[in-house]
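Keep in mind the model is a prediction, meaning the values are calculated, not measured. Counting convention: from 1, in listed order, for ligands and their atoms alike.
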Amino acid sequence: MEKLVIEGGKPLNGEVRISGAKNAALPLIAATLLAPGVHVLHNVPDLRDTRTILRLLESLGLVWEREGTTLKIDGSGLRYSEASYELVKTMRASVLVLGPLLARLGRAKVSLPGGCAIGARPINFHLMGFEQLGVCCELEHGYVDAHIEGRMQGGTVYFDIPSVTGTENLLMAASLAKGETVIKNAAREPEIGNLIDMLSAMGAEIEGKGSDRLVVHGVEQLTAAESTIIPDRIEAGTYAIAIGAAGGDSIIKGCDPGHLPSLLEKLRLAGIKIEVGEDYLRVMASPLKNSIHPVDVTTMPYPGYPTDLQAQFMALMACSSGLSVIHETIFENRFMHVAELQRMGATIQIDGRIAMVKGLENKRLKGAQVMATDLRASSSLVIAGLAAEGRTDISRIYHLERGYENMVDKLTGLGAAVWKENE
Ligand code: EPZ
């Protein structure tokens, strides 16, 4: 097993280029199941999670090849409809094959993803949505066995909570259903707009992009198309917070600042200077202690503050000059990073889904041996390690590699002292 080692206390100065978005690449790769022919996807990040979903597509009969950041996937070979527990348990986003398999084959047997570190992560909204389209979903032996005779029939789907992958699954299923499907209280994350653009290029007829009400007019068939993955807003936000915490003056290139409306406001309130370009962010922060103001954050569905940037912001607030309150409203257990930050000297008190973070005033976090527990928690520990005095060793960094491409190279390019070692 490898660990990440960080010699903290160095300001981050330089340039970092953002990769394609993990949470757009996963649904867009799954969407290639909807049509035969060679799909071309540009700006696809090479991550543990993208490699996992490509292995899943192989197990269903598809073939693919990667040329740099371009993926060519041939949807013609689809012949199986079962996603095994072995694959799904490593990445719950594997449930994204449900919609396309039902649309293309009329059946899908997918292992229930099971929970993960941040919560139970049920998929009841997905299954209720499919049932509105006439699908029969049976749960047995840890699998969901879904099937329908012939084509799905358009209907109305309402999400109690605007589920991101739930919206994506239903969009893909409804694209080939007979008639019109209305999705109400749909999620509005930019990754969904990216999927809508790809489905439209494949011949789907979808209205309401960017809104919480999507209308899909089902078509008989779709054809392979060429698409580009949007920049990863969570990766960009992670680096912006890291520069804020460690101090420095850096440019985050190849991002879309319009996808980070709430984070940029919070960073400005924290006293960090942000210059917004069309496809870059310049972040300027003092490396002096007490230069970060405390700011309260409540996570909300897009365009609210992203839950995927909550852990990272907490590391920043641990370095602030006062008390901040962080309210995690999306997941029931997304404070796994708190115990590790406390090992580095952070003063944080949890009460249910509320964390009260007392900044360090005239002190700094101290490097320590810590353990990654989930993808975004691990990036929170990286940020804390960059801002801390001394050395931080982060174990179980396979979590980090699920969603951050070439992080060691990117941080080194910003002047950080960071490297990998064998545990
Ligand atoms: C997506 O997960 C993202 N993953 C997550 O990013 C992100 O944290 C999450 O959306 C929220 O923004 C991908 O896009 C691959 P949800 P998803 O369905 O779709 C509850 C990362 O770090 N819910 O929007 O699984 C659920 O428990 C990952 O990149 C149900 O109750 O999240 C949660 O409390 C982590 N029943 C809330 O809704 C359902 O059927 C939002 O979940 C579905 C969801």
Sub-4.0 Å heavy-atom contact, Ala187 with ligand 1: no
Can the ring centroids of Tyr143 and Tyr85 be said to lie less than 6.0 angstrom from one another? no
Note: heavy atom closest to atom 44 (C) of ligand 1, options Pro122, Pro113, Gly166, belongs to Pro122
Just by distance, no angles: are the side chains of Thr307 and Glu328 close enough, under 3.5 Å, to form a donor-acceptor pair? yes
Pairing donors with acceptors under 3.5 angstrom, does anything connect the side chains of Lys89 and Ser84? no
Are Arg48 and Glu401 ion-paired here, with the side-chain N under 4.0 Å from a carboxylate O? yes
Considering both backbone and side-chain atoms of Arg121, is one of its nitrogen or oxygen atoms within less than 3.5 Å of a nitrogen or oxygen in ligand 1? yes
Partners passing side-chain contact (heavy atoms from CB on, under 4.5 Å) against Cys319 (at least two apart in sequence or in another chain): Ile292, Leu365, Ala387
Under 4.0 Å from a heavy atom of Ile123: give me the atoms of ligand 1 that qualify, with their elements. 39 (C), 40 (O)
Please identify which of these residues, Glu405, Glu235, Glu15, meets the side chain to side chain donor-acceptor pair (under 3.5 Å) condition with Lys410. Glu235
Quick check on Arg92 - does any of its heavy atoms sit under 4.0 Å from an atom of ligand 1? yes
Show your reasoning for whether side chain to side chain donor-acceptor pair (under 3.5 Å) applies to Ser379 and Tyr404. CA-CA 9 Å; Ser379 65; Tyr404 290 98; 3.2 Å; yes
Numbered in order shown, the ligand 1 atoms found under 4.0 Å of a heavy atom of Arg376 are 21 (C), 22 (O), 29 (O)
Option with minimal heavy-atom separation from atom 10 (O) of ligand 1, where the choices are Ile234, Ile161, Val164: Val164
In this structure, CD of Glu86 is separated from OG1 of Thr90 (nearest 0.5 Å) by 9.5 Å
What do you reckon, does Glu168 have a nitrogen or oxygen under 3.5 Å from a nitrogen or oxygen of ligand 1? no
Taking atom 18 (O) of ligand 1 as the reference point, the nearest protein heavy atom with its distance: Ser163 OG, 2.7 Å
For Lys22, the ligand 1 atoms with a heavy-atom partner under 4.0 Å come out as 21 (C), 29 (O)
Just jot down the ligand 1 atoms closer than 4.0 angstrom to any heavy atom of Thr307, in number order. 8 (O), 11 (C), 12 (O)
Considering the heavy atoms of Thr165, write down every atom of ligand 1 situated less than 4.0 Å from one of them. 17 (P), 19 (O), 25 (O)
Tell me which protein heavy atom sits closest to atom 34 (O) of ligand 1, plus the residue, atom name and distance to 0.1 Å. Ile330 O, 2.5 Å
Among protein heavy atoms, which lies nearest atom 26 (C) of ligand 1, and at what distance? Phe331 CE2, 4.1 Å
Give the numbers and elements of all ligand 1 atoms closer than 4.0 Å to a heavy atom of Asn124. 30 (C), 31 (O), 36 (N), 39 (C), 40 (O)
Let me see the working for Leu60 and Ser81 under side-chain contact (heavy atoms from CB on, under 4.5 Å), right down to the final yes or no. CA-CA 6 Å; Leu60 299 173; Ser81 60; 5.7 Å; no
Which of Ile230, Leu199, Thr228, Asn23 passes side-chain contact (heavy atoms from CB on, under 4.5 Å) with Asn194? It is Ile230
Look at Arg334 together with Asp308 and state whether they make a salt bridge at an N to O cut-off of under 4.0 Å. yes
Subset of ligand 1 atoms that lie under 4.0 Å from at least one heavy atom of Asp308: 5 (C), 6 (O), 7 (C), 8 (O), 21 (C), 22 (O), 28 (C), 29 (O), 35 (C)
In terms of residue, atom name and distance, what is the protein heavy atom nearest to atom 30 (C) of ligand 1? Phe125 CE1, 3.4 Å
Shortest non-hydrogen contact from Met152 toward Leu102: CE-C, 3.6 Å
What atoms of ligand 1 come within less than 4.0 Å of a heavy atom belonging to Arg334? 8 (O), 22 (O), 35 (C)
Checking a contact table here: which protein heavy atom is nearest atom 4 (N) of ligand 1, and how many Å away? Asn23 ND2, 3.7 Å
